[in-house]
Amino acid sequence: TKVRWSSDNTDVVKVNWKGELTAVSNGTAIITGYVESIDKTLTCNVTVQTSVTEITLNETEATVDLSSEQEADKQVELIATIVPSTANVGTNLTWTTSDETVASISNETGTTTTVTGLKNGTATITVESENGTKAEFNITVQTSVTGITLNKTEEIVDLSSEQEADKQVELIATIVP
C-alpha cells in the first residue's frame, strides 16, 4: 500500500515520499497522507518553532564614574539580541541586578535596559530568556577624585619663638569628593 504525502505549506514544512518531514521555517502546516487503495486521508498539524539558543549584549562590562556631573556618565544602556533572530519561543527577557545598592536597572523586562551606578562597588546585570538562556554584564561603579583642598592657604612661622609648637604648622589635605 502506497501513501502519497503532501504539505499544505512547503515554506514551513516539506515532506518526502517516505513521509519524512523537514522543517523550513517557523509556522504551521498540515501534512496529509492519502492512501488511494482504500481512499483514506490522514492529517497531522505541524507547528515549527525556534527557541532562544543565545543572548548577546552590546556591552559585557563597563566602569561608570559617580563624580561626573553628567548623568549619562553614570549610566550604560544595554541592548540584548536574541539568537537566532528567528526565535519565536521563550523570547520574553527578564533583567536582574546582583546588587541593587550598587547598580539599578530601568526595565525588568524587554530587550533594553539602562543600568545606573548608585554607589561604589561591582554588580552583575543578568538578562534571561524564558528557557533559561542568559547573558551577563559586569559594572564597576567608582568615584574619582575631582579635587583637593587644604585647611590653610597661608601661614606664618616664626623661627625666633622659644615655643617649639610655634615653629610647626599642620596642613590637612581633604580629597574631594
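As the structure is a computational prediction, the values presented were derived from the model and not from experiment. For this chain, numbers begin at 1 and follow the sequence in order.
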Classify the side-chain pair [X]/[Y] by whether it contains a donor and acceptor separated by less than 3.5 Å.
X: Thr113; Y: Asn107; result: no
X: Ser144; Y: Asp65; result: yes
X: Asn9; Y: Ser7; result: no
X: Glu77; Y: Thr114; result: no

Gap between atom [atom2] of [Y] and atom [atom1] of [X] - 0.5 Å precision:
X: Leu150; Y: Ile172; atom1: CG; atom2: CD1; result: 9.5 Å
X: Ile82; Y: Thr111; atom1: CD1; atom2: OG1; result: 7.5 Å
X: Gln142; Y: Ser68; atom1: CD; atom2: OG; result: 11.5 Å
X: Glu54; Y: Thr81; atom1: CD; atom2: OG1; result: 10.0 Å
X: Ile139; Y: Gln75; atom1: CD1; atom2: CD; result: 9.5 Å

For the hydrophobic clusters of this structure (ILVMFWY residues joined by side-chain heavy atoms under 4.5 Å, transitively), does one cluster hold both [X] and [Y]?
X: Val76; Y: Leu57; value: yes
X: Ile30; Y: Val12; value: no
X: Leu118; Y: Val64; value: no

(request) Not counting sequence neighbours, list each pair that qualifies as a salt bridge (Lys or Arg N to Asp or Glu O under 4.0 Å) and has a residue in residues 141-156. (result)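 Output for this query lists Lys152-Glu155.
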(message) Quick check on Glu108: does its CD atom have over 12 non-hydrogen neighbours (other residues, nucleotides or ligands) under 6.0 Å away?
(response)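 Open.
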(request) Would you indicate whether Lys167, at its atom NZ, is surrounded by more than 12 heavy atoms from other residues, nucleotides or ligands within a distance under 6.0 Å? (result)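 For Lys167, atom NZ is crowded (more than 12 foreign heavy atoms under 6.0 Å).
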(request) Let me see the working for Thr124 and Glu136 under side-chain hydrogen bond (donor to acceptor under 3.5 Å, both in side chains), right down to the final yes or no. (result) CA-CA 7 Å; Thr124 300; Glu136 292 183 341; 5.4 Å; no
Under the 3.5 angstrom rule, does the side chain of [X] hit a backbone N or O of [Y] as a donor-acceptor pair?
X: Glu130; Y: Asn92; answer: yes
X: Asn131; Y: Gly90; answer: no
X: Asn151; Y: Leu171; answer: no
X: Thr10; Y: Lys14; answer: no
X: Trp95; Y: Ile125; answer: no

(request) Tell me, with the steps shown, if Phe137 and Thr126 meet side-chain contact (heavy atoms from CB on, under 4.5 Å). (result) CA-CA 6 Å; Phe137 168 79; Thr126 303; over 6 Å; no
(request) In sequence, state the C-alpha distance, the side-chain angles, and the governing distance for Val15 and Glu20, and then conclude on side-chain contact (heavy atoms from CB on, under 4.5 Å). (result) CA-CA 5 Å; Val15 60; Glu20 297 169 335; over 6 Å; no
Which pair of non-hydrogen atoms, one from [X] and one from [Y], has the smallest distance, and what is that distance?
X: Trp17; Y: Trp5; value: O-CD1, 3.3 Å
X: Ala80; Y: Leu93; value: CB-CD1, 3.8 Å
X: Pro84; Y: Thr53; value: CD-OG1, 3.5 Å

Looking at side-chain heavy atoms only, is the closest gap between [X] and [Y] below 4.5 Å?
X: Lys119; Y: Thr101; value: yes
X: Leu66; Y: Val141; value: yes
X: Val52; Y: Thr91; value: yes
X: Val176; Y: Ile148; value: no
X: Leu21; Y: Ile31; value: yes
X: Glu128; Y: Ile55; value: no
X: Glu36; Y: Asp39; value: no
X: Asp11; Y: Val24; value: no

Can you list, pair by pair, the side-chain donor-acceptor contacts under 3.5 Å of residues 40-50, counting residues two or more places apart and other chains?
{"residue": "Thr50", "atom": "OG1", "partner": "Asn26", "partner atom": "OD1", "Å": "2.7"}

(request) For the pair Thr94 and Val127, evaluate side-chain contact (heavy atoms from CB on, under 4.5 Å) and give the outcome as yes or no after the intermediate values. (result) CA-CA 5 Å; Thr94 304; Val127 59; over 6 Å; no
